[in-house]
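Just so it is clear, the values below take in all heavy atoms, side chains as well, and ignore hydrogens, waters and symmetry mates. Here is how names work: the chains are called A, B, and so on, in the same order as the sequence lines, proteins then strands, and each is numbered from 1.
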Amino acid sequence: MGQLAGPTDPAADAHWEHQHPRKGFFTDTSICIGCKACEVACKEWNQNPQDGDLQLLESSYDNTGALGASTWRHVAFVEQDGERIEEARESGRALVSLGMPRVGPPEARAAAEPGDSTPPDTPEFRWLMSSDVCKHCTHAGCLDVCPTGALFRTEHGTVVVQDDICNGCGTCVAGCPFGVIERRTDGTAAPRTEREGRPGSEPAVPNVGVAQKCTLCYDRMVDDQTPACAQTCPTTSIKYGDHDDMVDQARQRVAEMHAQGRTEARLYGANELDGVGGTGSVFLLLDEPEVYGLPPDPRVPTADLPRMYRRAGLAAAGMLAAAAVAFVGGRS
Amino acid sequence: MSLSEFDSYRPPEPPRRRRRDGARRRGTGPGGGGDGAREMPMVPEPEFTSYYGRPVVKPAPWGHEVAAYLFLGGVAGGSALLALGGQLTGRDALRRNARLGSVTALALGGAALVKDLGRPERFLHMLRTFKPTSPMSMGTWILSAFGAGMGITVAAEADRMTGSRLPLGPLRPVLRAVEGPAGVEAAVFAGPLAAYTAVLLADTATPTWNEAREDLAFVFVSSASLASAGLAMITTPVDETGPARRLAVLGVVGDLVATRVMEHRMDPVAAEPLHEGKPGAMLAWSERLAVAGGLGTLLGGRHRAVAAVSGAALLAASALTRFGVLEAGLRSAEDPRYTIEPQKNRLAARRAAGITDDSITTAG
Amino acid sequence: MANADCIVIQGSNMAECHPVGYQWVTEAKARGAKVIHVDPRFTRTSAVADKHVPIRAGSDIVLLGALINHVLAHNLWFEEYVVAYTNAATLVNDDYRDAEDLDGLFSGFDPESGQYDMSTWAYAEGDGGRVSGPEGDPEHGAESVPEAAGQQLGSGGPPMEHARMQRDETLQDPRTVFQILKRHYARYTPEMVQEVCGIAPEDFAYLARSITENSGRERTTCFAYAVGWTQHSLGAQFIRTASILQLLLGNMGRPGGGIMALRGHASIQGSTDIPTLFNLLPGYLPMPVAGTHDTFEDYLDAIASKKQKGYWAEADAYTVSLLKAWWGDAATADNDWAYDYLPRLTGAHGTFQTLTSMLDDEVEGYFLLGQNPAVGSSNGRMQRMAMSHLKWLVVRDLNLIESATWWKDSPEIASGELRTEDIETEVFFLPAATHVEKAGTFTQTQRLLQWRHQAVAPPGECQSELQFFHELGKRIRQRLAGSTDERDRPLLDLTWDYPTDAHGEPDAEVVLAEINGRHLQGPDAGRPLSSFTEMRADGSTSGGCWIYTGVYADGVNRAAARKPGQEQGPAALEWGWAWPANRRILYNRASADPQGRPWSERKKHVWWDEEQRTWVGDDVPDFPLHLAPGTRPDPDAGGAAALAGDDPFIMQADGKGWLYAPKGMVDGPLPSHYEPQESPVANALYTQQRNPSRVLMARQDNLTAPSAGDPGAGVYPYVFTTYRLTEHHTAGGMSRWLPYLAELQPEMFCEVSPELAEECGLEPYGWATVVSPRAAIEVRVLVTDRMTPLVVRGRTVHQIGLPYHWGVGDDAVVSGDAANDLLGLTLEPNVQIQDSKVGSCHIRPGRRPRGPALLDLVAEYQARAGVTVETGNTRLDGPGGAPGPDPDTDPTTHPTREN
Amino acid sequence: MTSERTRGTTARTTTADRVVQSVCPYCAVGCGQRVYVKDEKVVQIEGDPDSPISRGRLCPKGSASEQLVNAPGRQTEVLYRAPRATEWQRLDLDTAVDMVTDRFLESRRNGWQDTDDQGRLLRRTMGIASLGGATLDNEENYLIKKLFTAAGAIQIENQARI
C-alpha cells in the first residue's frame, strides 16, 4: 500500500512499472496578470459547463468564486494596501530565518541575507493575482478514500477521476484538504438559451452526479502535449514540466526574489516533508496561504488512518464487551 | 443604506451572505443574508484572514440519508449483538426481534446510502476494490459480510415464523445448521459496522470530524448500543429484555463519557460547531433524551410501557447524535475560520516545539 | 519591445487589452527592464509593472511636455542623433508665432472655421521667404474647404521642396526648431505637472530618471500607447509629444525603442491600410476633394511634389496603378486613368457627420459589418435614434447584437422615446462567417499580414463578407447592365470577375494578388510586382494597395509564410509579411550612426557593410540598400534619389524626423496642452481652455457639461474614463454571447475610490446611477483603493472608471447599461475621433429610474447645470471668453477665484 | 484499477481529421491559432506554438474562440424585420440579397449628387452609408471599398475611428 505520509514517488507506489517522470505545474503568481485565459482554456478543452449564477461575486475581479466540479482553474484577486505588504514581507522574512533545511541553492541563500537587499520602490498598493488548481498531492486525500477506484494515480504521478466508474459517493469531496474536488450537480444557472426563437440549445450538462476535478489534461499528457492552461498562459505564470524541474525553478525564482528584497515571496507545496508529502502543483505566493484561500497547514487525513482504525477496533471490542457484560451480568 | 426610491425596482436579490470588501474580515455565520441593506452588527475583528470568507475545504455532499444510515447502521450492529446474546442465552423473543430489527435497519440504511449516491445505478462499483485506505471501501465489505450473516439468520427466522411452510425442501436442515454460526458471524461484524462509520467521518479534511478522530468511534459505538437496546426494549416483552436494559444503561454512560472526552480533547475552535446553531441544539437534546432514556430504563425498565417509552427516547437520542454530528461537520467546512485557525494553531505549536521542516509554506 | 531597457505604458492598459503581447514586456522585465504604467487607474498592467503613476485623464501633454523640458534643461538629449536625424537645426520663418506668444494659439488661426493657415509655420527659405508647395499656393486650398483639412493630406504629409531649407547646425539661432521647442515647453515644469496632472514630484522624478537613464547609445526606452491617447480631442498631439520626446532621446528606429501603437481590433491596421474609411484610398492616398483635387493634375500636385525627398514623390505611380487595378482597360491615359470615376468629398464625412445627416433623414440605407454602434459608438442614444430614421438597415454579424434588435429592446423603447410600432426601418440580419470559416489576411498591430486558412464551411446561411459583397456587386452590375447613364459607368467598368469555389466563395488569393499588383504590359505582363518601386505612372502596372506590394511577389502568398518562430531569429522575417517590403522596424536606418556604424554593440540592428557597400542587419533595411552613409544628393534631384546618406526618415519630405511639423497637423506644429471638452479645472497654461480647432457638434442631443469656473460646473463634479476588460471584447458582440466569457465578468460595474464612495454614500457592491449631460446609466459599485483621488489645481478631483462592454438587449448571455451612452461627441481635428476617454458626470447610490422617469432625471440635471447648446462649444476662450488665469500670472500661485 | 475507456484515453487534437493554421479574431496582437477539425466540425482551437508573436499562447478571448464558432447562441439564419413589425420573420438568403440590391440602387439614386453648387464634379450618393471593417479581412475591406466607391457611396467608416 506504500507509505501513508512523507516523501515518496507516488507513481511507483501505484505499481507503475515503466518509469515515467512525474509531471506537475509551477505557478509563479508574481507574474500572473489575472487574465483568466487558463480558466477559459481549461473549460473549453474539457467542455465543462458554465457554472455560476452570472452575478458579481463581490470579490474584486474574481466572479468565478472557487474551484469546483465545473471550474478546474480559478484565478483569485486580492487587493492589499501598503501595510499588508509590509506584514507579508515580515512573514516572508520569518520563513527564511526559520532556517529551512533546503533554502535554495547555497549561493542564493547567501544572497538572501536581509540587509543588503533594499526592496525596490515598495508600492503603496498591490493587487495579488493567482491561478489556483488541483494540487495533485503526493499523498492525495481524495485518491486514498475513493471506494470504487474511480480516482487513480496516473503513470505521470497525477490524480485523475474516471468519470465512467465514479458513482458519486462524495467521500473524496470531504477527503481533499484543499477543497478542490466536487460532485457536479446539474444546478448550473439556467442557460440563457431557453428563450423563444433561439436556435440550438445548451448542450446537456455532462457527467452529472460524478466527482470532477483537474486531470492535468491527462488526455493531452498521454499524447505528450502541454495542458491547455499551461500552453495558453500569456506570461507563463503557469509552467508545466517534470515535477523536479518545476521545484528547482520554483526555488531559484524565490531565491532570486528574496535577493531583490521582495521577501514576501514563498513557495507552497515544494516541501516533501509537509502534510501531503509535497504537491504536484507548486506555487510561488506573495502572502500567507490563507489570503488566497489555501489551507496554512494541510494534512492528508489518511496519515492518521491507522490510529483511527485502532481506536475504532477498540471501540468495537468495547461494545462487544458491553454486550457480553449485559448478558452475563444478570441472569434474570 | 441606499436611499434611492427606485430601489423598489430592485429585483429580489437572492439571500446572499453580506460580506465587506477586502481580505481582512471576520467569518460571518451563513445566515447573514437579507438584501444587503442592513448593516451587520459590528463584532471585534479576530486576527484571521480568508479569501472573502469563502470555504477552504468543501463539505461532503451528504444529506439526511447519510445521517439516517449512520443511525440505522448502529441499530443494526447493536441488534445483531443482542440477537447473538438471545441466541446463546435462549431468549427466543429477544433473538427473533433483534434479528428482524437488525435486518430492517440494514435494509433501510442500505437504501438510504444508495439513494445518496450521485449515480445510484453504479452502487455495485463499490465492490470493485478492496482498499484499506478507504473507510467506505472497508465499510462496504463489512456491510456485505454482516448482511450475509444476518440474511441467513433472518431466513431461518422467517421459515420458523411461517411454520416451515416455505418451499425449502432439502435446504431446511442446511439452513437450521448454518443459522447458529451465521448469527455469530454477523455479530463479529456488528462491532466494526457500528464503529467504521466514525472512521468514515473522521478520515476527512472536515475540521470538526477530523479533530474528533480520537474518540468519535466510542461515541458512535455507545450510541449504537443504546439505540439497539432501546429498540429491543420496545419490541421484546420485559421478561427477556434484562440484558438489553443493562446494555442501554452502559450505552448511555458510554455515550456521555465519550462525548465529554471527545470535546475536551478537540481544538476548541473546531469544537465550536458542536455547540452552535442547529447541530448544537440537536446534540444537546440528544444528551437529554439519552439521560432520560437511561433513567427510564434503570428505574422503570420492568414495566413494558415505561421500557417502551425510554426505548423510544434512546432511539431518538441516537438519531439526534448522528444528525447533529453530521450537521456540525458540514457547518464546520462551510466557514473558513474552522479550517484556518486550528491549522495555524497546530503549525505554531509544532514550530514552538522546534519542528520547523514540515510546513507546506517554505522560503526555499 | 522585448529588448527594451525601460517601457513606459501610457494611454494603454496593455496587460488587459493585449495580454499575449504583454509576454514581451514580461520578457524585458525578466532581463531587468523597468516597466512604468501611467494611467488614471491601477489596473492589472500596474499590478505587474514596477511603478504605477496615477494621472488625471486628459492631461498627458503636460506630463510629456515636462519630460521634454526636463530632457532639454538637463542636457540629456542624444546630441549626435538629434542634430543628424531630426529637423532640430532647420530654421522656421519669421512670421511664425508660438502658443507662448499668443496665449494658447499659434499664428494663422481663423476663428470661424477653427482652422489654421499653415503657411506661417513653414521653414525659412534662403531668401527669407517660405518654402511652400510648388504651385497652387495654400491659401487657395485652405479657405475653400470649410471643415477639417486633415483629410486632404495622405499620411505622407504635405509636399515641400527640401533643397532650399536653411539649417543652423549649432542650434543657437533663435529661429531653429530646437530653440522654438525649448521656449515652447519652458513652462512645463514638474510643479505644473503636479498641479495639472496630480502627479507627485517624486513620481515625476522617478519617471524622468528611468527614461533618461535608459536612453542613448547603450540603452533604449519604448513607449506603448493605445486608444487611451487617441480618443481625446487632442489625441494626435499626445502621440506627437511622445514622438518628439523619443526623437530627442534618440530612441526612434532602434530595437527596443520607438512608439508601439497597440491597435484594438484583429485587422484594424488592415482596415486603415485598405481603408473602409471616407477620407482615404488604399495605401493612404487621400480621397479626392471637390475644389482641391478637381483634375488629376491637381490631385497629384496636392499629394506630392517631384522635388520632395522620399518615396512619396512616386505617388502618381501608386495612384495610376490603383485606378488600373479598379477599372482595368477602361482606365486609359486619355481619361486620366478613369480619375473622374472617383466620387469627391466636400469636407469631413466621418461616422459622426454621417450620424447627423441620418438624423436629418438624408441617409436611407446603412450597412453594419461586424460593428455594434448601438453599444460601441459614443453617445449611444444618438446612434440608436439615428438608426430609427433609416429606411433600411443591413446588419451582418455572428450574433443578434443590440444594433440589430434596438427596435424592440433598446433603452429608448423602455423610456418611451421610441415605439416599436412607429419605427419604419426595415432590418435585414444576415449571419456572417467566423474567422475560421473564411480564408484571408489580417494585418496586426506591427503591420504584419498573416494568412488564415479556411477550416470549415460556414454553417447554415452564414456567408463571408467576401462572398456577400461579390454577390451584391454582381447583382448590381446585372441590374445596371443595359444602362447608358453616365453615373453607372464606374460600376459597369469595374474589374469584378473573381473565380468562386463550389459554395460561391471568391478566391481570396486572387484578391490578394490584385492588391499586390501586377505588370500589365511588356515582357513580364501578368507577373506580380515584387516591390512598389516597380510601379509606373504610365499605366503599365496595376496595384490595389502600393504599400502591400510584395506580399504576393513571385506569385507566392508570403502572408501565409509559416516558418516556425523557433527556427528563425527574433525578427522572424519568414512568418507572415509586414508592409512595407517586410520591414519589421520602420526607419531602422536610425539604428546606426551617421557613418553607418551601430550606435552600440548591444543595440545593433541595421548597419553599413563597407565591403559589400550595402546595408545589412537583422531586419530588412528601411533605406535604399546601396545608398552610402556619406552621400550628399544634388539639390534638384527628387524622390528616393534626393535622400542623403543620413536621412533615416525616408517618408518625410525632408528625410528628417520632425520635432516641429511645419504642415500635416491641423491643430499646431507643436503640441500644447488644452483641457478636454469637459474638465473640472481651468487650463493652467493658457487662457485658451480647450483645443481651438476641435470639431464641434453643438446639438441638443450632444450637450456638454460646463467646465471649470462656469456656473453649474458643480452639477457634474466627477471625471469618468472608459476602458476595456480582458474578459470582454469592445461592444461585447463577440464576448457577451459566449457563456465562458460572460460568466467571468457578468455585470456592468464602475470603479470608485473609497473616498468618493464615502462622499456619495455608495455601498460596496451595491447599485449606483451615473448621470452625464447625455444620459444616465446604472452600474454595480466596486469600491477599491485602485482608484486614487488626485489634487488638481488646488481641489480634489475624483475619477470614476467605467468599462464599456455591456449593452441593453435580451439576446446576450449577460447584458447591462452601455457606458457609451454617457459620452458626448467632440472630435479630434486631424482624424475625427471622438473624445471618449474623459468626461464629467455625477454619481448617486441606487438604481436608475425606469421608463420616462429616466429622461426627466437627465433633463433635471441639465437644467440644474444650466447646460445649453453653446456650453463648452465656444472656439476662442481669449480674455473675453471663459474666465481663465491671466497668461502672465505664475502658474504655481493658485488663481484667486475658486474653480 | 483503470477502466478500458481510461486506458484508451487520447487527446481530440490527435484524433482530429486536419489542423489549420489561423489567426485570432479578437485584438490586434495577431496571435497564431491552430484549428482542429473533425467530421467537418471545429473541435478545438488553441494557440499555435510556431507563431513568433504569441508562441502558442492565447488570452481568455482567444481561448474561447472555439465557443465563438460553436456557441449555441450564434445566429445562422437570415432574419428580416418588416417596417413597424414587432417581431423577426424568417427570410431565405437569396430573396434577402435581392431585396438589399434593389434598396441599394434605389437609395443610391435618391441620394445622388452629380456636381456641387459651384459646378464641380461630385459624382456621389449620400443615400448609403456603411460602418465596420476592422474585424474583416483585408480582401473583404478591399472589395467593400472598391464596390462602394464605384457606386459613389463615400460614407464608409469603421472602428478605426470610434
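- Across C:Gln566, C:Lys391, C:Gln269, the residue that shares the most heavy-atom pairs under 4.5 angstrom with chain D is C:Gln566.
- Both the backbone and the side chain of C:Arg487 have a heavy atom closer than 4.5 Å to some heavy atom of chain D.
- Looking at D:Leu122 and C:Thr346, their side chains come closer than 4.5 Å, going by heavy atoms from C-beta outward.
- Neither the backbone nor the side chain of C:Ala559 comes within contact range of chain D, judged by heavy atoms closer than 4.5 Å.
- Contact annotation for C:Ala432: only backbone heavy atoms (N, CA, C, O) come within less than 4.5 Å of a heavy atom of chain D.
- Using a 4.5 Å cut-off on side-chain heavy atoms (C-beta onward), C:Asp397 and D:Gln75 make no contact.
- Among C:Met734, C:His453, C:Gln23, C:His18, the residue making the largest number of heavy-atom pairs under 4.5 Å with chain D is C:Gln23.
- Counting heavy-atom pairs under 4.5 Å between each of D:Thr135, D:Asp137, D:Ile53 and chain C puts D:Asp137 at the top.
- Minimum heavy-atom separation, D:Thr86 to C:Glu421: CG2-OE2, 3.3 Å.
- Ranked by heavy-atom pairs under 4.5 Å with chain D, the first of C:Pro19, C:Gly370, C:Gly264 is C:Gly264.
- The aromatic rings of C:Phe428 and D:Tyr80 are tilted relative to each other, their planes meeting at an angle between 30° and 60°.
- For the pair C:Arg344 and D:Asp116, the salt-bridge criterion is not met [side-chain N within less than 4.0 Å of a carboxylate O].
- For C:Trp327 and C:Tyr341, the ring centers sit closer than 6.0 Å to each other.
- Here D:Gly132 is the residue among D:Pro49, D:Gly132, D:Ala71 with the most heavy-atom pairs under 4.5 Å with chain C.
- Ring geometry, C:Trp326 versus D:Tyr142: the interplanar angle exceeds 60°, so the pair is classed perpendicular (tilted spans 30 to 60°).
- Ranking C:Arg475, C:His349, C:Glu465, C:Glu424 against chain D, the residue ahead of the rest is C:Arg475, based on heavy-atom pairs under 4.5 Å.
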(message) Run the side-chain contact (heavy atoms from CB on, under 4.5 Å) test on D:Lys41 and D:Lys38 for me, step by step, so that the C-alpha distance in whole Å, both residues' side-chain angles and the decisive distance to 0.1 Å come before the verdict.
(response) CA-CA 5 Å; D:Lys41 188 176 177 309; D:Lys38 184 163 179 52; over 6 Å; no
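- Chain C forms more heavy-atom pairs under 4.5 Å with one residue of D:Val37, D:Ile128, D:Val35, D:Leu143 than with any other, namely D:Leu143.
- Residue D:Glu139 holds its CD atom at 8.5 Å from OG of C:Ser267, rounded to the nearest 0.5 Å.
- Interatomic distance, D:Lys145 NZ to C:Leu281 CG, rounded to the nearest 0.5 Å: 5.5 Å.
- For the set D:Cys59, D:Gly152, D:Ser51, the count of heavy-atom pairs under 4.5 angstrom toward chain C peaks at D:Ser51.
- Listed options C:His728, C:Gln444, C:His265 were ranked by heavy-atom pairs under 4.5 angstrom with chain D; first place goes to C:His265.
- Contacts with chain C were tallied for D:Thr125, D:Asp48, D:Val42, D:Asp94; D:Asp94 has the most, counting heavy-atom pairs under 4.5 Å.
- Side-chain contact between C:Leu448 and C:Thr443 is absent, with no heavy-atom pair separated by less than 4.5 Å.
- For residues 9-20 of chain D, heavy-atom neighbours of chain C at less than 4.5 Å comprise D:Arg18, D:Val20, sorted by residue number.
- The choice from C:Ala404, C:Ala572, C:Pro506, C:Pro282 that makes the most heavy-atom pairs within less than 4.5 Å of chain D is C:Ala404.
- In this structure, D:Ser130 and D:Glu157 have side chains that are not in contact, with every pair of non-hydrogen atoms separated by 4.5 Å or more.
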